[in-house]
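In what follows, a structure is listed as structure tokens, so that the remarks can point back to it.
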Amino acid sequence: VIAAQAFDALLAGALVLTGGLLLASTSFMRAAVLFIAFGLLMSIAWVRLMAPDIALAEAAIGAGVTGVLLIDALRHMEWDAERWLRRQPGPQHEPLPEPPPSAAARAVPAGAAILVLGLLLAAVYHLTADDPGLARAVQAELVAVEHPVTAVLLVFRGFDTMLELGILALAVLGMLTVRSRPDLAAAALAPPHDPVLAHVVRLLVPLAALVAGYLLWLGTFAAGGAFQSGVVLGAAGILLWLSRHGSIDVTPGWLWRGLVLLGFAAFLVATGVTLVWTGRALEFPPAYVYALVQIVEAAAALSVGASFAALFVGLHPGESPGSGDGARE
Amino acid sequence: VAVLDALTVLLSLTGAVFFLAGTAGLLRFPDTRMRLHAVTKADTLGLGFVVLALVLQAESLAAVGKLLMIWLLAMLASTNGCFMLGRWTVRDERGEPGP
């Protein structure tokens, strides 16, 4: 018990330290790497809190995909800055440093953070050790998916999952809108062909598809589910693009858009059908609940994967990489 | 069972020693290629020992398979990552353009 407590204390200390270093670092690259380390530590913390689903999602999204997206964004920023400097007439100069934020601009976020901290401390203070909360009432309602976290995510918080998918789709739309503005047209930096990477990716992608399917199936009775599965698919898409595999280029735009919207659409259809069928949104009749939840989850996983891959590839769907910058300038 | 437990402790400690050695190399070695050498070799061996230790405690053959899969995947990823970083270092030293 003492060893476990010491480990928890070490973990909590490392989290606070990493978070502090992250916020204090002036280099974006350093901050991005620290963010990945923070995500990994956070996922260990979720394992210690017995929430393997969230740990998987945190490791895959928080540390994995977000880290890759941040580092990729930095690369684009450097690249844009170089082009901007090249276009300026006259002697080249460093961009002026931004003025430090005013006292009011600092006070508002600081006040909000202190308020949230106070609320959290008050909530922890009011916790009693043996209070099961709503756990028993929730357990009584779970029918379809046996693992509590997945069930809560899908059966009780169906709207939440639906809106999360909607937000992902919105993020992709926003990215496409920004990219289609000509002055911001940072075309994808098509990576050079690399035979070693291409070979590894050919080994890894079928395995990733297998793992994604496994995680989806695992979601029905253990830690796993649509988001975790979708992130693995998205990572496979990112790897395919990085190794310049042809399959990303030949995927037509309508298929990309369809896949990105599929999850949200499946949820909308499910909501409509259940409203007519049972009178309550996203409440399936018990006889069909397993099959229908699985179909919606599979659609959600495909959408999550397509959205993350699209966010990284960052092209107009269907546009081939390499046709961007060179052709426009 | 006691013998298996003792072996598990021994193997995971051995693994931890290799991880420690790899981390020391990452922090202390003077250039990128030496650091890559320390991290990929020592850590992969350390992970191998930890995986062996966990295999002894596994409840089913499927769990053993998954553990070995993790080790193989980690080896694949670290070998290739090391190769690509190493090649980038060499090109950077020679002043060649490259990824």
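Below, chains carry the letters A, B, ... as their sequence lines are ordered, and counting in each starts from 1.
Below 4.5 Å, heavy atoms of chain A meet heavy atoms from B/Leu73, B/Leu76, B/Asn80, all part of residues 73-80 of chain B.
With a 4.5 angstrom heavy-atom cutoff, A/Leu203 touches chain B only via side-chain atoms.
More than 12 heavy atoms of other residues, nucleotides or ligands sit less than 6.0 Å from atom CG of B/Leu27.
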